[in-house]
Amino acid sequence: MLRGEKRMNVLDELKTRGFIENTTHDKELEDYLNNGNATMYVGFDPTASSLHVGHLIPIMSLAHMQRHGHRPIALVGGGTARIGDPSGRSELRQMMTYETIEGNVAGIKKQLSHFLDFTGGKAILANNADWLAKLEYIPFLREIGRHFSVNRMIKFESYKQRLHSDEGLNFIEFNYMLLQSYDFLNLFDTYSCRLQMGGSDQWGNIVAGIELTRKMRQETVFGMTFPLITKSDGSKMGKTAKGAVWLDPEKTSPYEYFQFWVNTQDGDVAKFMKLFTFLPLDEIVTVETFQDADINLAKTILAYEATKLAHGEVEAKKALAAAASMFGSREIPATLLPASTIPRKALQTSTSVPSSSLDAAELAQGIPAFKLFVSTGLCTSGGEAKRLIKQGGASINDTKITQFDQMITAGNMDDGTLLLKAGKKRFHKITITQ
RNA sequence: GGAGGGGUUCCCGAGUGGUCAAAGGGAACAGACUGUAAAUCUGUCGACGGACGUCUUCGGAGGUUCAAAUCCUCCCCCCUCCA
């Protein structure tokens with residue numbers, strides 16, 4: 001995407017791709033980014049050991065910045081997590097132990113390095129625990145606290161909501177804004193970082209940091225917020241039944257991750273390509289008119305590119321192959337999104353479907369079908385497995401199971417394996433060991 | 001410190017002694033329809049070798065009762081108002 005004569009400037013690119021909801025100081029910010037060598041940061045809360053799909057917007061925006069020659073800072077909130085941000089939350093966060101937080105920080109740092117190049121100072125990975133943890137209460141209040149008006153703070157949306165709710169706002173959370181503002185000031189001092197980006201719920205905190213820097217340093221720094229990404233049906237993007245879609249392959253396998261993207265709704269394909277891949281905009285535009293089978297090819301490309309970014313090319317190819325063997329595969333024309341590196345030939349082989357092995361002796365005695373569905377993890381209880389079978393959603397090697405206690409024996413094997421299918425999209429392969 | 005309100009199954013939320021494994025909604029799951037989409041319709045939705053039955057669940061611990069989510073005692077947590 002770096003080829004081409006007329007390269008867009010970052011701001012335009014981010015705008016066109018749908019990353020920007022709001023910015024402060026439009027003109028000055030544009031100048032700042034156009035003059036090269038800008039430094040900007042996004043904060044990531046280590047509330048879990050892994051980032052999830054919802055974090056891709058900030059991650060991708062930092063990646064775009066880096067591609068345009070700027071220096072992004074990924075700030076992991078190891079310090080602020082000890083407080084808990086009330087913004088956009090209807091209730092007090094569960095307090096996390098320091099050990100949990102540090103564990104989460106480590107996990108998140110690892111993932112960020114898949115998307116950003118931290119070598120040679122091209123990007124910076126920081127943890128605000130490094131400066132927040134050693135703050136002293138009285139000096140902090142005297143130097144920082146005095147710049148904050150409570151009258152003003154309680155007017156911010158992030159607090160207002162909670163002030164009027166039954167849950168209330170706890171004092172510890174009330175301080176979050178001061179700490180995040182202090183982060184910005186600190187990054188400005190240390191790295192001349194002049195831009196903070198964040199979700200739209202961060203607007204108040206970002207603005208507070210801008211004001212603090214102005215008051216204490218008489219310098220102008222900027223803010224930018226991302227829109228809340230919703231699906232075309234209006235629901236929040238990135239959550240599924242099982243909760244968030246994680247970037248950690250241990251929590252969400254590359255295959256599931258791939259499937260998540262393939263299952264994108266029609267109306268969201270082009271939008272998601274703009275946001276979650278680096279495919280060139282002029283190619284993505286063509287997707288907007290696709291329908292029927294073609295839109296599914298576009299979804300495959302979206303899934304492949306997104307999986308490649310998060311898990312690497314090898315895993316992306318495996319996931320693609322696994323999906324192909326489950327759902328079939330079609331050749332993808334070279335003219336379709338030509339910038340994508342997806343393998344375009346129709347595929348046959350299956351590789352990374354969840355699998356387990358079973359002893360041949362055990363199978364020889366026969367195993368009731370529903371037990372097999374439980375032991376493979378396809379169902380969480382015998383009752384659930386029976387229900388699945390009763391409803392006609394279970395099959396083994398493409399033969400529908402009609403009786404929950406049907407005995408499965410070596411006779412059901414096909415090519416030495418049992419392919420269990422629960423519903424249309426969940427599979428499990430059992431290989432038989434002698 | 002005082003007064004009041006509240007903690008119910010994944011979420012919201014009804015339920016004030018048996019008819020409660022607990023209304024209703026959402027989410028989810030399965031089926032039909034499809035394009036591995038959405039929408040719609042139907043069914044399911046604590047566990048247990050399926051109906052009957054048994055066991056576990058309504059903040060925690062005890063107690064009353066033939067019977068407790070419901071009554072009593074103590075404790076924990078949250079919120080509101082007053083100080």
Side-chain angles (χ1 to χ4, degrees), chain A residues 84 86 89-95 161-173 230-245 255-273 287-288 290-304 306-307 319-330 332 347 350 353 365-375 377-395 398 400-408 420-427:
Chain A
R89 287 228 139 211
S90 60
E91 53 195 48
L92 181 67
R93 279 176 195 274
Q94 193 75 42
M95 281 280 202
Q161 216 181 2
R162 287 283 288 280
L163 283 170
H164 295 289
S165 79
D166 285 350
E167 298 296 328
L169 178 69
N170 193 289
F171 182 69
I172 187 174
E173 300 175 282
T230 53
K231 297 191 282 188
S232 52
D233 64 7
S235 63
K236 201 169 158 188
M237 185 253 164
K239 298 270 172 168
T240 66
K242 293 166 204 107
V245 177
Y255 174 73
E256 289 172 288
Y257 190 80
F258 183 93
Q259 285 300 318
F260 166 77
W261 292 104
V262 170
N263 286 323
T264 298
Q265 292 174 26
D266 292 7
D268 292 329
V269 178
K271 177 174 164 184
F272 285 2
M273 277 186 171
V287 170
E288 284 164 2
F290 286 8
Q291 284 187 337
D292 301 325
D294 286 342
I295 191 88
N296 278 1
L297 288 182
K299 288 179 189 182
T300 307
I301 293 178
L302 168 65
Y304 177 81
T307 307
L320 177 69
S325 73
M326 291 299 115
F327 300 105
S329 173
R330 287 207 298 139
I332 300 167
L347 293 158
S350 104
V353 177
Q365 310 161 15
I367 301 169
F370 78 96
K371 288 212 167 169
L372 221 42
F373 278 85
V374 175
S375 65
L378 251 20
C379 295
T380 55
S381 71
E384 188 184 319
K386 286 174 196 163
R387 218 175 290 134
L388 180 76
I389 291 166
K390 194 157 65 181
Q391 293 181 138
S395 69
D398 280 332
K400 190 175 273 190
I401 305 299
T402 48
Q403 290 294 317
F404 76 88
D405 54 357
Q406 182 177 330
M407 293 306 260
I408 302 303
L420 311 205
K421 191 173 167 192
K424 283 178 197 155
K425 300 183 193 171
R426 287 154 52 230
F427 299 86

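Being a predicted model, the structure only gives us computed values, none of them experimental. Throughout, protein chains are lettered first and strands after them, A, B, ... in sequence-line order, and every chain is numbered starting at 1.
Taking atom P on both B:rA23 and B:rA14, the two are 14 Å apart, rounded to the nearest angstrom. Taking atom P on both nucleotides, B:rU73 is separated from B:rU56 by 27 Å, rounded to a whole Å. B:rA22 and B:rC41 have their C1' atoms separated by 28 Å, given to the nearest Å. Across the C1' atoms, B:rC71 and B:rG15 are found 16 Å apart, a figure rounded to whole Å. Here the separation of B:rG26 from B:rG17, taken at their P atoms, is 30 Å to the nearest Å. B:rU57 and B:rA21: their C1' atoms are spaced 8 Å apart (whole Å). Nucleotides B:rU8 and B:rU70 have their C1' atoms positioned 11 Å apart, rounded to a whole Å. B:rC33 and B:rU42 have their P atoms separated by 16 Å, with the value rounded to a whole Å.
At a threshold of 4.0 Å, the pair A:K299-A:D266 counts as salt-bridged, since one of the basic side-chain nitrogens sits closer than that to a carboxylate oxygen.
Rounded to whole angstrom, the span from the NZ atom of A:K371 across to the P atom of B:rG50 amounts to 11 Å. Distance A:L378 CG to B:rA28 P: 19 Å, rounded to the nearest Å. In this structure, A:F427 places its CZ atom 8 Å from C1' of B:rU36, rounding to the nearest Å. For the pair A:D405 CG and B:rG50 P, the computed distance is 10 Å after rounding to whole Å. A straight line from CH2 of A:W261 to C1' of B:rA38 spans 17 Å, rounded to a whole angstrom. Straight-line distance from the CG atom of A:N170 to the P atom of B:rC79: 7 Å, rounded to whole Å. At whole-Å resolution of the value, CZ in A:F404 and C1' in B:rA51 are 11 Å apart. Separating the CD1 atom of A:I389 from the P atom of B:rG31 is a distance of 13 Å, rounded to the nearest angstrom.
RNA chain B is contacted by both A:G393 and A:T380; A:G393 maps to the nucleotide lying nearer its 5′ end (nearest heavy atom per residue). If you find the closest nucleotide of RNA chain B to A:A422 and to A:G382, the one lying nearer the 5' end belongs to A:A422.
Across all strands shown, B:rG31 forms a Watson-Crick or G-U wobble pair, both distances under 3.5 Å, with B:rC41. Figure legend. B:rG1 is base-paired to B:rC82; pairs are counted as Watson-Crick or G-U wobble with both atom distances under 3.5 Å. Of all nucleotides present, none satisfies the Watson-Crick or G-U wobble test against B:rC20 with each distance under 3.5 Å.
In this structure, A:I408 and A:I401 have side chains that are in contact, with non-hydrogen atoms separated by less than 4.5 Å. Residues A:F373 and A:L388 have side chains in contact (heavy-atom distance under 4.5 Å, counting atoms from C-beta outward).
Considering every non-hydrogen atom in both A:V262 and A:A303, the closest pair reads CG2-CB, 3.4 Å. Minimum interatomic distance between A:E288 and A:A270 (heavy atoms only, all atoms of both residues): CG-CB, 3.5 Å. When all heavy atoms are compared, the tightest approach of A:K386 to A:F370 is CE-CE1, 3.8 Å. A pairwise comparison of heavy atoms in A:I301 and A:I332 identifies CD1-CG2, 3.9 Å as the closest pair. Closest heavy-atom contact between A:Q365 and A:M407: O-CE, 4.1 Å.
Looking at residues two or more places apart in sequence or on another chain, you find a side chain to side chain contact (heavy atoms under 4.5 Å, CB included) between A:N263 and A:Q259, A:K425.
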Taking only N/O atoms, report every protein-nucleotides 42-44 of chain B pair under 3.5 Å with atom names and distance.
unit_1 : atom_1 : unit_2 : atom_2 : d
B:rG43 : N2     : A:Q391 : OE1    : 2.9
B:rG43 : N3     : A:Q391 : OE1    : 3.3
B:rU44 : O4'    : A:Q391 : OE1    : 3.4
B:rU44 : O2'    : A:R387 : NE     : 3.2

Please list, pair by pair, any protein nitrogen or oxygen found under 3.5 Å from a nitrogen or oxygen in nucleotides 32-35 of chain B.
unit_1 : atom_1 : unit_2 : atom_2 : d
B:rC33 : N4     : A:K424 : NZ     : 3.0
B:rU34 : O4     : A:K424 : NZ     : 2.7
B:rG35 : O6     : A:D266 : OD2    : 3.2
B:rG35 : N1     : A:D266 : OD1    : 3.2
B:rG35 : N1     : A:D266 : OD2    : 2.6
B:rG35 : N2     : A:D266 : OD1    : 2.5
B:rG35 : N2     : A:N296 : OD1    : 3.0
B:rG35 : N2     : A:K299 : NZ     : 2.8
B:rG35 : N3     : A:N296 : OD1    : 3.3

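Side-chain nitrogen and oxygen atoms of A:R426 include at least one within less than 4.0 Å of the OP1 or OP2 phosphate oxygen of B:rA30. Within the structure, a side-chain polar atom (N or O) of A:S381 is placed less than 4.0 Å from OP1 or OP2 of B:rC48. In terms of phosphate contacts, A:K386 brings no side-chain nitrogen or oxygen within less than 4.0 Å of OP1 or OP2 of B:rC45.
A:Y257 and A:F260 have tilted rings, their planes meeting at an angle from 30° to 60° on a 0 to 90° scale.
Among the atoms of the strands shown, none is found under 4.0 Å from any heavy atom of A:A394. Within the 4.0 angstrom heavy-atom criterion, no nucleotide atom of any strand lies near A:E384.
Distance check, rounded to the nearest 0.5 Å: OG1 of A:T300 to CZ of A:F327 gives 11.0 Å.
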